[in-house]
Amino acid sequence: MRRTPPHTSKKGGSKMLVAEPALRQLRAFDLHGNHAFAQLVRFAMVGVVSNIVYFVLFVALRPEGVMTANLVGAAVSTALANELHRRVTFGAAHRVGWLAAQWESGGLAIVGLITSSVALGALEIAFPDASAMTAGAFVIAVGAAVGGVRFLLLRGWVFAA
């Protein structure tokens, strides 16, 4: 019996080059899968969309006052993000109901908001003369950390397969 060399495979009687390591690397970039990288990319894309929605609402409603604009923008963009995470990021529409997703994901968003607010307050106390650039970098770092933890909790708890 003749063996096919490891770098080729027979399919339908013809030989086809198979580069297994390269194929495995390409699968890592498959954004339709349920693996962590694909979900993380979709999570980030949902974040971009929900932030654009927040920005548009905030600017449109600013004449009503910044607090009103912030509240409406945050509520609508958070609800939208929660639903997009349920349907798109984690493909959990058949496993997790709308209300459960809003309640649990919304709760995580509120915890994230409280965490970032406390962190900013701590920065103000510890470094009252911090420059706007330092505070901005701190906000980005805290936001990234909160977002990372939120992703892990959404993936492992709220929308777990």
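These numbers come from a predicted model, not from an experiment.
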Item to check | V96 with W103, same ILVMFWY side-chain cluster at under 4.5 Å | outcome: no
Checklist entry - So, do T134 and F127 sit near enough that their side-chain heavy atoms are less than 4.5 Å apart? => result no
Checklist entry - How long is the span from the CZ atom in R42 to the CZ atom in F37, to the nearest 0.5 Å? => result 11.0 Å
Item to check | Validation row: R86, R95 side chains within 4.5 angstrom (heavy atoms) | outcome: no
Checklist entry - Okay, side chain of S50, backbone of G47: is any donor-acceptor separation there less than 3.5 Å? => result yes
Next on the checklist: Quick check against the 3.5 Å criterion: does R150 have a side-chain atom that pairs as donor or acceptor with the backbone of S105?
Outcome noted: yes
Checklist entry - What residues form a ring-ring contact (aromatic ring centres under 6.0 Å, His included) with F43, not counting sequence neighbours? => result H85, F151
Item to check | Linked hydrophobic residues, V53 as query - side chain contacts closer than 4.5 Å | outcome: V46, V49, L57, L61, V72, V76, L80, L84, V88
Item to check | Interatomic distance, E124 atom CD to D129 atom CG [nearest 0.5 angstrom] | outcome: 9.5 Å
Checklist entry - What residues, two or more places apart in sequence or in another chain, satisfy side chain to side chain donor-acceptor pair (under 3.5 Å) together with E104? => result none
Checklist entry - Are F138 and V118 connected, step by step, through hydrophobic side chains (Ile, Leu, Val, Met, Phe, Trp, Tyr) whose heavy atoms are closer than 4.5 Å? => result no
Checklist entry - Rounded to the nearest 0.5 Å, how far does CG of L40 lie from CE of M45? => result 10.5 Å
Checklist entry - Would you say V146 and V149 are hydrophobically clustered, going by side-chain heavy atoms of ILVMFWY under 4.5 Å? => result no
Next on the checklist: Same cluster or not: Y54 versus V66, using hydrophobic residues (I, L, V, M, F, W, Y) connected whenever any side-chain heavy atoms lie under 4.5 Å apart?
Outcome noted: yes
Checklist outcome for this item: So CG of L108 and CH2 of W157: to nearest 0.5 Å the spacing works out to 5.5 Å
Item to check | Heavy-atom donor-acceptor pair, Q102 side chain to A79 backbone, under 3.5 Å | outcome: yes
Item to check | Min side-chain heavy-atom separation V139-L120 under 4.5 Å | outcome: yes
Checklist entry - Do you reckon L71 sits in the same ILVMFWY cluster as V59, going by side-chain contacts under 4.5 Å, direct or chained? => result no
Next on the checklist: In the structure I gave you, are the side-chain heavy atoms of N51 and S77 within less than 4.5 Å of one another anywhere?
Outcome noted: no
Item to check | Exercise: identify the closest heavy-atom pair between G106 and N82 | outcome: N-ND2, 3.4 Å
